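A short write-up of the structure that comes next.
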Amino acid sequence: MDKKIAVIRGDGIGPEIVNEAIKVLDAVAEKYNHKFEYTDVDMGGCAIDKWGEPLPKEMLERCLASDSVLLGAVGGPKWDNVPGDKRPEKGLLALRGGMKLYSNNRPAKLWSQLAEASPLKPSIVEKGIDFIVVRELIGGVYFGEHTTVNKDGEETATDIMEYAEHEIERIGRIGFETAMKRRHKLTSVDKANVLDTSRLWRKVMHRLKDEYPEVEYSDMLVDNAAMQIVKDPSQFDVIVTENLFGDILSDEASMITGSIGMIPSSSLGDGGCGLYEPIHGSAPDIAGQNKANPIGTILSAAMMCRFSFDMPSEADAIENAVTKALDAGLRTGDIMQEGCTLVGCKEMGDAILSYLE
Ligand code: IPM
Ligand code: MG
């Protein structure tokens, strides 16, 4: 198959980790007789420096014209003082919105080789951590109106949180469908004891649940969910939630696996074209030093093969190669353990390449 991949290297460690993922994709293309064609896209801080805005229109168009987008990471302290609407993060939000990627899938899975890295007690970790946060990505307070005005002699800021039924229904469905492919358990997280958006969320979810009788469904308030994720993460299979709650809970979920550098993500809409990126940030403190962990990005490339390109064997091959590199005791600094071999970003990429079958 021929596939066009838009590549956003971004800022900080972005370029290094994306290079390793492309190395792996090229090897996959050769082995399985595909042609991957890459187009560079500037987004984030580097786009601000070059074009004066975080996502120039032409760059969004390049993404829309591709079969999928691979992203490293964006942002950094260099752009901390640019105005809110021109920050690197705005580029990411404009990309998600522009591509209509409403469904963000963030797995929280403990790699057995890295179990010691989890900050949770072994007695909790032993019960297993393997769930997915399905986060609504282009609605809610992120995409509502933001204003700051002078009122009664002081600055007053407002952010509007809005959800329409259809926005809840389409992400709710993804939650149920995801659970159907896994352990048939769905937890819908909201704040229905306080927010109208959450009460509507719950109403729509309850309507949907009758269509999926095979799924064990429950509602959970977001504060309780934050607690349950550290108390007993084994109870979760799929969590579905709105944009801001999903942002917060997915960071918490990744932390308990002990290895944020390992976690990939996919963002999808109704078409096949998705955005694939590791969930970690641009780590400017180690940028350009060959220290970053490329695994989250390499696994994102595997997800791209699986979900956007319908290439499950290719995705399996990449994931197996990562497992083998970990089994061989290779570790980047962020996941280093006693008795293992410390390697750089490039060496980790090379090792995964050598284990591709
Ligand atoms: C994420 C990030 C973004 C978000 C930021 C960078 C805008 O935290 O992808 O989780 O809040 O969605
Ligand atoms: Mg976040």
Side-chain angles (χ1 to χ4, degrees), residues 8-14 17-18 41-48 53-55 60 63 69-108 131-146 159-163 167 171 174 189 222 225-226 229 239-257 259-269 274-285 287 296-297 299-300 303-304:
I8 306 177
R9 290 186 166 76
D11 311 315
I13 58 170
I17 53 180
V18 167
V41 169
D42 298 321
M43 195 268 279
C46 59
I48 298 173
E53 48 181 320
L55 180 67
L60 172 61
C63 293
V69 184
L70 181 66
L71 163 65
V74 295
K78 183 176 172 197
W79 303 279
D80 269 353
N81 295 319
V82 298
D85 63 330
K86 287 239 155 31
R87 291 181 58 91
E89 293 82 357
K90 268 281 165 190
L92 183 56
L93 298 182
L95 183 64
R96 290 171 179 170
M99 293 178 70
K100 301 192 172 62
L101 306 173
Y102 61 84
S103 167
N104 181 218
N105 178 323
R106 298 186 167 188
F131 63 97
I132 292 186
V133 178
V134 174
R135 168 187 176 194
E136 198 292 321
L137 203 57
I138 54 171
V141 74
Y142 274 69
F143 285 81
E145 204 185 327
H146 309 283
D159 301 290
I160 305 274
M161 184 179 208
E162 185 178 298
Y163 269 107
E167 294 175 293
I171 190 70
I174 302 279
V189 170
V222 63
I229 285 173
I239 290 177
V240 64
T241 192
E242 67 88 41
N243 206 344
L244 181 61
F245 298 160
D247 177 44
I248 299 167
L249 293 183
S250 63
D251 264 32
E252 188 191 10
S254 68
M255 186 62 224
I256 61 168
T257 69
S259 42
I260 190 167
M262 304 279 301
I263 303 186
S265 76
S266 68
S267 303
L268 287 157
L275 169 67
Y276 296 84
E277 55 173 316
I279 75 156
H280 61 72
S282 62
D285 53 320
T297 318
L299 291 173
S300 299
M303 272 184 133
M304 174 184 285

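In each ligand, atom 1 is the first atom listed, and ligand 1 is the first ligand listed. Keep in mind it's a predicted model, so treat the numbers as computed, not measured.
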Practice item. Considering only non-hydrogen protein atoms, determine which one is nearest to atom 2 (C) of ligand 1 and report residue, atom name and distance to 0.1 Å. Key: D247 OD1, 4.0 Å
Point to revise | Nearest-neighbour protein heavy atom for atom 4 (C) of ligand 1, which is reported as residue plus atom name and distance | key: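 Answer, as residue, atom name and distance: Y142 OH, 3.4 Å.
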Review point. Any luck finding a side-chain donor-acceptor pair between S282 and D11 under 3.5 Å?
Key: no
**Study point:** Polar side chain donor-acceptor pair, D247 to Y142, under 3.5 angstrom
**Key:** yes
Exercise for review: Taking both backbone and side-chain atoms into account, decide whether D247 has an N/O/S atom under 2.8 Å from the Mg ion (ligand 2).
Suggested key: yes
Practice item. To the nearest 0.5 angstrom, please state how far the SG atom of C63 sits from the CZ atom of R96. Key: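 If I round to the nearest 0.5 Å, the distance is 13.0 Å.
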Exercise for review: Using atom types as modelled and distance alone, determine if a side-chain donor or acceptor of S265 lies under 3.5 Å from a backbone N or O of E277.
Suggested key: yes
Review point. Does ligand 1 have an atom under 4.0 Å from some heavy atom of R106?
Key: yes
Review point. Quick one: does R135 get a heavy atom under 4.0 Å from ligand 1?
Key: yes
Check your understanding: With a 4.0 Å cut-off, would you call D80 and R87 a salt bridge?
Key ->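 The answer is yes: the pair qualifies as a salt bridge.
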Practice item. With atom 3 (C) of ligand 1 as the reference point, say which of E89, H280, E277, R96 has the nearest heavy atom. Key: R96
